A.B. asks: 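Starting off with a structure, shown below.
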Amino acid sequence: MRDNNKKLSLTTRIVIGMFAGIIVGFLLKLLFPESVLVEGYLTKGLFHVVGQIFISSLQMLVVPLVFVSLVVGTCSISDPSKLGRLGGKAVSLYMVTTAIAITFAIFAAVVIQPGAGVAMQSDATFEPSQAPSLAQVIIDLFPKNPFSAMADGNMLQIIVFALLFGISMALIGKSGDRLKGFFEDFNEVIMKLVVILMNLAPYGVFALMAKLFSETEFETIFSLGKYFLLVFFVLILHGLVTYSLILKGMTGLSPWMFLKKMREVQIFGFTISSSNATIPVTLETVTKRLGVSNKIGSFTVPLGATINMDGTAIMQGVATVFIAQVYLVDLSIADYAMVVLTATLASIGTAGVPGVGLIMLAMVLGQVGLPVEGIGLIIGVDRLLDMTRTAVNVTGDAMVSVIVAKSEGELDYAIYNDENADIEARDVGEQIEEKIHEKESQ
């Protein structure tokens, strides 16, 4: 029988771990600002070790989970043209939400003027990496060595190889069916590992937050308070309002139910600051709690983690206006339009490139004639904002997954509308027992 004793939900435990870590980190910073023992044994010792083990454990699952789940989903689609349709819908939605995000950010920054009257100097320097050409981006989609792509964590190459592998399995008949069974079992094992790691999440989240807030220079945040708060506000508004309106308008589904079930994923994204590392949790939530079929979720979630950069686009929009105001440069309507276009296209063109956010911002600044050195002004607060950006990005990944699934008839409404649809699969024996009771009551 099911244990009816009340216990804290995973979301509650993660939130407790997060706030406990913030408080501990802040107190350590306040009470022991120069302590070698605190830094050596706690900040860079225990907290660092526990936090990094937690992140590494999640990252460990990303490549096998994406590859295996995508192969399973792809080989279940008998019509290859359907993959093209799915890809077209997903990429289009990701680009539209990115364009909306940066337009919203620019409008808010022009109205609030976070850089007006600010005279700042920064010792921070920024040397932008060279962004690849469009031709090179297309060439790099196809891996020379798929095992090397997996070792390097190159998500776009992994996605392409998994799609080709899955299509080949679907086309070879019985041999493909036998191999599909293996991948389905493998996928279940990976998903179980995700559940195990999520139960350890409160401790990992505590360690990450304690380390971060014991090292954060709050003086920098105060000096950039207007910029920091504006970016944070626009991120929250986009994540809660814009996504809710799009979801409601395109599917008619309850945004409240969606946001309620996304809380754990958002907290993971916030603490880890990596959409890729959050893929296992996002995919588990999208398929088990939001009712998206695996064949859809296994494609849209990894793709979104790679090319969906709404949070980064918001930062770029506000940062561009902020830097222009600090340097007393007037931008025209055409310049703002160029910022929107450049950031939207760059979100795909620079996908998978290390430091993609700052590379994109350097490209945007270059397009409108602003000094790239201005990035040095905002680097000091970028770490905290990056956490919120990731939470917004993973919410967008899930939202697009639900919309695409709904349009393809691959959404389970019963699961989506069930408040108690749990991320942890119930025991098989418990399910059988419930079915017996249902028959007896009939």
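Keep in mind the model is a prediction, meaning the values are calculated, not measured.
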A.B. asks: Enumerate the salt bridge (Lys or Arg N to Asp or Glu O under 4.0 Å) contacts for residues 92-109, please, sequence neighbours excluded, ordered by first and then second residue.
C.D. replies: none
A.B. asks: With the side chain counted from C-beta on, respond yes when L283 and M191 share a heavy-atom pair under 4.5 Å apart, and no when they do not.
C.D. replies: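 Contact flag for L283/M191 side chains = yes.
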A.B. asks: For S56, check side-chain hydrogen bond (donor to acceptor under 3.5 Å, both in side chains) against everything at least two apart and list the hits.
C.D. replies: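 Expected list: none.
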A.B. asks: Under the ring-ring contact (aromatic ring centres under 6.0 Å, His included) rule, what pairs show up with a residue in residues 152-178, not counting sequence neighbours?
C.D. replies: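 Matches after skipping sequence neighbours: F67-F161, F67-F165, F161-F165, F165-F183.
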A.B. asks: So do the side chains of I236 and F232 get within less than 4.5 Å of each other, counting heavy atoms only?
C.D. replies: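 Touching, per the 4.5 Å side-chain cut-off.
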A.B. asks: Just how far is it from atom OG1 of T287 to atom NZ of K295, taken to the nearest 0.5 Å?
C.D. replies: 14.0 Å
A.B. asks: Checking D335 now: which residues fulfil salt bridge (Lys or Arg N to Asp or Glu O under 4.0 Å) with it, not counting sequence neighbours?
C.D. replies: none
A.B. asks: What salt bridge (Lys or Arg N to Asp or Glu O under 4.0 Å) pairs are there with at least one residue in residues 97-112, not counting sequence neighbours?
C.D. replies: none
A.B. asks: Once ring-ring contact (aromatic ring centres under 6.0 Å, His included) is applied, do any residues pair with Y41, and if so which ones, sequence neighbours excluded?
C.D. replies: none
A.B. asks: Considering only distance and modelled atom types, tabulate donor-acceptor pairs under 3.5 Å from the side chains of residues 88-96, sequence neighbours left out.
C.D. replies:
from : atom 1 : to   : atom 2 : distance (Å)
K89  : NZ     : S407 : OG     : 3.0
K89  : NZ     : E408 : OE2    : 2.6
S92  : OG     : G88  : O      : 2.7
Y94  : OH     : T300 : O      : 2.7

A.B. asks: Can you find a pair of side-chain heavy atoms, one from F233 and one from L229, that are under 4.5 Å apart?
C.D. replies: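 The answer is no, as the side chains (C-beta and beyond) never meet within the 4.5 Å cut-off.
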A.B. asks: Using atom types as modelled, flag every donor-acceptor pair under 3.5 Å from a side chain in residues 170-181 to any protein atom, sequence neighbours excluded.
C.D. replies:
from : atom 1 : to   : atom 2 : distance (Å)
S175 : OG     : R178 : NH2    : 3.3
K180 : NZ     : S76  : OG     : 3.3

A.B. asks: With heavy-atom distances below 4.5 Å as the criterion, would you say the side chains of Y336 and V321 are in contact?
C.D. replies: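 Of all side-chain heavy-atom pairs linking V321 with Y336, at least one is under 4.5 Å.
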A.B. asks: Which of parallel (below 30°), tilted (30 to 60°) and perpendicular (above 60°) describes F206 and F47?
C.D. replies: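 Rings of F206 and F47: perpendicular, as their planes differ by over 60°.
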A.B. asks: Among residues at least two apart in sequence or on other chains, which ones pass side-chain hydrogen bond (donor to acceptor under 3.5 Å, both in side chains) with S69?
C.D. replies: none
A.B. asks: How far does OG1 of T12 sit from CZ of R263, to the nearest 0.5 angstrom?
C.D. replies: 7.0 Å
A.B. asks: Could I get the full list of ring-ring contact (aromatic ring centres under 6.0 Å, His included) partners for F270, not counting sequence neighbours?
C.D. replies: none
A.B. asks: Quick check: are there more than 12 heavy atoms from other residues, nucleotides or ligands sitting under 6.0 Å from CD1 of I333?
C.D. replies: no
A.B. asks: So, does E184 use its side chain to make a donor-acceptor pair with the main chain of V72 at under 3.5 Å?
C.D. replies: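 Such a contact is absent between E184 side chain and V72 backbone.
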A.B. asks: Any pair with a residue in residues 284-313 that passes ring-ring contact (aromatic ring centres under 6.0 Å, His included), sequence neighbours left out, goes on the list, sorted by first then second residue, please.
C.D. replies: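 Output for this query is empty, none listed.
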A.B. asks: Nearest 0.5 Å please: distance from the CG atom of L65 over to the CG atom of N187.
C.D. replies: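 With rounding to 0.5 Å, CG (L65) is 6.5 Å from CG (N187).
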A.B. asks: Would you mind telling me which of T103, D310, T344 makes a side chain to side chain donor-acceptor pair (under 3.5 Å) with T98?
C.D. replies: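 When side chain to side chain donor-acceptor pair (under 3.5 Å) is applied between T98 and each of T103, D310, T344, only D310 qualifies.
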A.B. asks: Enumerate, atom names and distances included, each donor-acceptor pair closer than 3.5 Å involving a side-chain atom of residues 250-261, sequence neighbours excluded.
C.D. replies:
from : atom 1 : to   : atom 2 : distance (Å)
T251 : OG1    : L247 : O      : 2.5
T251 : OG1    : L253 : N      : 3.1
S254 : OG     : W256 : N      : 3.4
S254 : OG     : M257 : N      : 3.2
K260 : NZ     : E419 : OE1    : 3.0
K261 : NZ     : R289 : O      : 2.8
K261 : NZ     : I415 : O      : 2.6
K261 : NZ     : Y416 : O      : 2.8
K261 : NZ     : D418 : O      : 2.7

